[in-house]
Amino acid sequence: MKRLISYYGPDSRIAEAVISLLFPRRCPVCERIVTPKDAYICPDCAKKLSFVKAPVCMKCGKEIGDGREYCQDCMRHPRTFERGIALLNYNEKASRSVSRIKYGGRREYLDYYGKAMAERLGSAIRRMKAQTFVPVPVHPARLRERGFNQAAELAARLGELLSLPVDNGLLIRAKKTARQKDLNPAQRLANLEQAFSVPERRKKEGKLPESVILVDDIYTTGSTIEACTRALKAAGVKRVYFVSICIGSER
Ligand SMILES: [Zn+2]
Ligand SMILES: [Zn+2]
């Protein structure tokens with residue numbers, strides 16, 4: 001689609017109009033064609049999503065019930081990232097929608113999530129005062145299977161909407177890990193510790209950013225973000241934040 005727009009040159013509005021006629025936008029929740037035409041999601045479907053509301057965990061940004069500062073996961077497990085925020089509670093609708101992006105190739109749904117995150121979380125993201133977004137990488141073999149990294153696609157949209165650069169090469173995933181969903185939190189972290197690293201070339205070059213925002217689609221136990229943070233901090237990054245589309249809730 002991008003190629004088509006650049007083919008039409010500077011007057012990309014014509015190309016966009018043609019594209020929206022040929023491929024009308026589909027709703028990330030019900031997958032039907034969205035009305036009104038310029039919307040990114042059906043108004044009724046937006047109501048089925050559960051947006052994260054205060055009070056939230058001071059560390060991971062997960063909704064928590066009472067006056068506690070931290071959620072059970074953040075109390076129980078060491079956290080080396082500064083803090084994070086997410087758009088949605090991980091309910092059945094969100095889970096299905098994100099699966100369709102990852103396993104069904106519906107990367108255009110990220111247009112909605114990127115926009116919603118920029119609108120609702122934009123000021124909190126700016127307050128992090130980070131220099132760049134860093135997508136959580138997928139293993140090259142999974143990248144070949146899927147054709148794209150959903151976190152990188154989301155980071156690109158956020159970067160454009162919030163005018164922040166995206167550093168796709170700062171973090172790499174070397175080891176192919178077992179499927180995380182089959183493991184408990186301790187096993188997850190052990191499984192992931194060795195998986196992420198900053199390339200030697202980047203370390204030698206120096207000039208690493210001091211402060212970054214990791215981008216991922218789902219935050220559950222926090223082990224992926226924690227493993228990425230450890231790799232970044234071991235290389236010299238000082239502050240690590242994260243944003244994600246969904247986060248598991250305690251309630
Ligand atoms: Zn819908
Ligand atoms: Zn937490």
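Values in this document were obtained by computation on a predicted structure and should not be read as measured data. Throughout, numbering of the chain's residues begins at 1 and tracks the sequence. All ligand and atom numbering here is 1-based and tracks the order in the structure.
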What's the spacing between [X] [atom1] and [Y] [atom2] if we round to 0.5 Å?
{"X": "Tyr113", "Y": "Ile41", "atom1": "OH", "atom2": "CD1", "value": "6.0 Å"}
{"X": "Ile101", "Y": "Ile245", "atom1": "CD1", "atom2": "CD1", "value": "5.0 Å"}
{"X": "His139", "Y": "Arg173", "atom1": "NE2", "atom2": "CZ", "value": "8.5 Å"}
{"X": "Tyr103", "Y": "Glu145", "atom1": "OH", "atom2": "CD", "value": "9.5 Å"}

Are the side chain of Gln131 and the backbone N or O of Glu210 linked by a donor-acceptor pair below 3.5 Å?
yes
Where Ile172 and Pro137 come nearest, the two heavy atoms and their spacing
C-CG, 3.8 Å
With side-chain contact (heavy atoms from CB on, under 4.5 Å) as the test, pick out the partner of Lys62 among Val52, Thr220, Asn89, Asp73.
Asp73
Tell me the ring pair (Phe, Tyr, Trp, His ring centres under 6.0 Å) pairs involving residues 39-73, sequence neighbours left out?
none
For Phe81, the ring-ring contact (aromatic ring centres under 6.0 Å, His included) test, sequence neighbours excluded, returns Phe242
Mind counting the protein N, O or S atoms sitting less than 2.8 Å from the Zn ion (ligand 2)?
4
Could you please tell me which protein N, O or S atoms lie under 2.8 Å from the Zn ion (ligand 1)?
Cys27 SG, Cys30 SG, Cys42 SG, Cys45 SG
